Amino acid sequence: MKLPYVEYEAPTTVAEAIDLLAEHLDEASVLAGGQSLIPLLALRLARPAVLIDINGIDELSGVSATDGRVTVGAMTREYVAGESGTVADAVPLLAAALPLIGHEAIRSRGTIGGSLAHADPAAELPAVARALDAEFVVRGPSGMRVVPAAEWFEGYLTTSRRPDELLVEVSFPTAGRGTGTSFQEVARRHGDFAIVGLAVSLTLSEGAISDARLAFAGMSDVPVRAVGAEDLLVGERPSTELFDQAARRATDDMDPPADLHGSSEYRKKVAAALVRRGLRAAADNAYERQ
Ligand SMILES: Cc1cc2nc3c(=O)[nH]c(=O)nc-3n(C[C@H](O)[C@H](O)[C@H](O)COP(=O)(O)OP(=O)(O)OC[C@H]3O[C@@H](n4cnc5c(N)ncnc54)[C@H](O)[C@@H]3O)c2cc1C
């Protein structure tokens with residue numbers, strides 16, 4: 001299908017991009033890797049008057065590490081982040097999730113910022129961002145704002161980014177000693193969006209769990225933390241019984257959506273299995289990283 005007619009702008013600096021966003025507001029769409037936006041245009045599900053192509057803004061790409069955090073520029077390609085030694089060492093949960101996104105061709109164009117700005121609730125990166133309490137840095141005409149992940153995802157394909165703001169980077173906390181992580185998902189075929197996905201981070205201190213984070217993809221219209229299960233885990237020693245209890249607590253109150261890939265009940269069963277599997281894998285990983 002051909003794209004509808006659309007004006008095209010290609011700024012080369014963040015400042016230019018923000019001026020264009022401020023001028024066109026809701027009439028504009030930012031074009032990053034185009035892996036979600038271009039199909040939406042082709043299918044006439046998005047009808048912006050102007051595309052603001054940010055591929056020429058070099059300052060938006062790259063991975064850097066500072067004290068206790070790793071910052072990923074919004075235009076960093078998914079495959080570049082996936083190949084990054086810094087990401088692999090310091091944010092292993094992100095490194096585990098990246099290869100599960102689509103196929104190589106998608107990851108070589110798709111960007112970290114594009115995935116997180118698109119906010120598909122079935123996508124891997126929003127669940128990782130929620131699990132790790134990532135911070136979203138946006139810039140607009142009135143300056144910079146840092147939005148915590150808990151406030152970023154507002155609904156289906158909807159974030160708290162304002163129309164005149166550009167997502168410029170996302171920062172993740174570095175996993176310390178004793179922190180083990182795992183990303184689990186069930187998809188119909190390799191490369192498909194997950195039916196259910198789960199990001200897990202578990203920290204062990206002297207044999208007991210001192211921090212637990214579980215964030216689901218595909219269970220709601222936003223990525224969602226299993227807070228009850230996290231509370232249940234903290235202070236306890238890892239065991240099969242504990243992980244069974246956590247799986248029940250994480251899923252009992254959930255009312256996931258049904259679609260042609262699975263009923264709500266099926267998603268709950270998959271989610272419980274992923275909690276057990278993810279916690280075991282994260283605990284094993286945490287022992288290795290003591
Ligand atoms: C066949 C196929 C399979 C896929 N499978 C998966 C999968 O399994 N898991 C998965 O997570 N994803 C999957 N994707 C989506 C892929 O990860 C996309 O790359 C991603 O969702 C969007 O990133 P993008 O850089 O292509 O963004 P674009 O498509 O360019 O933009 C997406 C949206 O984000 C906005 N946006 C982009 N960047 C910014 C910014 N810096 N500031 C403000 N707004 C911005 C755009 O305006 C648009 O609304 C798949 C895509 C395809 C085509």
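Atoms within a ligand are numbered from 1 in the order they appear, just like the ligands themselves. As the structure is a prediction and not an experimental result, all values here were calculated from the model.
Between S29 and ligand 1, no pair of N/O atoms sits closer than 3.5 Å. In terms of N/O distances under 3.5 Å, ligand 1 is approached by V30. For ligand 1, the polar-atom distance check finds an N/O of A32 within less than 3.5 Å of one of the ligand's N/O atoms. Between R109 and ligand 1, not a single N/O pair is under 3.5 Å apart.
Given atom 15 (C) of ligand 1, the protein heavy atom at minimum distance is S36 OG, 3.7 Å. In terms of protein heavy atoms, atom 49 (O) of ligand 1 is closest to L37 CD1, 4.5 Å. Of the protein's non-hydrogen atoms, T111 OG1, 2.6 Å is the one closest to atom 25 (O) of ligand 1. For atom 41 (N) of ligand 1, the closest non-hydrogen atom on the protein side is L167 O, 2.9 Å. What sits closest to atom 24 (P) of ligand 1 on the protein, heavy atoms only, is G33 N, 3.5 Å.
Placement of L51 and M75 in two distinct hydrophobic clusters is found when ILVMFWY residues are connected by side-chain heavy-atom separations under 4.5 Å, directly or transitively. Using a 4.5 Å cut-off between side-chain heavy atoms of Ile, Leu, Val, Met, Phe, Trp and Tyr, with links allowed through other members, M219 and L232 fall into the same hydrophobic cluster.
Under a 4.0 Å criterion applied to the non-hydrogen atoms of G110, ligand 1 contributes the atoms 19 (O), 25 (O), 26 (O). Contact atoms of ligand 1 toward R161: 43 (C), 44 (N) (distance under 4.0 Å to a heavy atom of the residue). Every atom of ligand 1 with a heavy atom of A74 under 4.0 Å away is listed here by number and element: 41 (N). Near G34, meaning under 4.0 Å from one of its heavy atoms, ligand 1 places the atoms 24 (P), 26 (O), 27 (O), 28 (P), 29 (O), 30 (O). Residue contact check: G191 has heavy atoms under 4.0 Å from atoms 5 (N), 8 (O) of ligand 1.
The minimum heavy-atom distance linking K268 with D252 is given by the pair NZ-O, 3.1 Å. Looking at every heavy atom in both residues, P238 comes nearest to L204 through CG-CD2, 3.7 Å. Across all their heavy atoms, P39 and G34 have their closest contact at CD-O, 3.4 Å.
The side-chain heavy atoms of L167 and T159, taken from C-beta on, include no pair separated by under 4.5 Å. Contact check for T111 versus T76: no side-chain heavy atoms found under the 4.5 Å cut-off. The closest side-chain heavy-atom distance from L60 to L166 is below 4.5 Å.
With atom 50 (C) of ligand 1 as the reference point, the heavy atom nearest to it among I52, L51, I106 is part of I106. For atom 7 (C) of ligand 1, the candidate residues are A97, A46, G102; the nearest heavy-atom contact is made by G102. Evaluated by nearest non-hydrogen atom to atom 17 (O) of ligand 1, the leading choice among E124, E78, H103, Q35 is E78. For the residues G114, S108, A123, the heavy atom positioned nearest atom 27 (O) of ligand 1 is part of G114.
No salt bridge links D231 with R249; every basic N to acidic carboxylate O contact stays at or beyond 4.0 Å.
Side chains of T71 and S171: a donor-acceptor N/O pair is absent below 3.5 angstrom, by distance only.
Residue D192 places a heavy atom under 4.0 Å from ligand 1. Residue-ligand proximity: I54 is placed with a non-hydrogen atom under 4.0 Å from ligand 1. By the 4.0 Å heavy-atom criterion, L166 is counted among the residues contacting ligand 1. Within the 4.0 Å heavy-atom shell around ligand 1 one does not find A122.
Residue R44 places its CZ atom among more than 12 non-hydrogen atoms of other residues, nucleotides or ligands, all under 6.0 Å distant.
Taking the six-membered ring for Trp and thresholds of 30 and 60 degrees, F136 and F153 have ring planes more than 60 degrees apart, a perpendicular arrangement.
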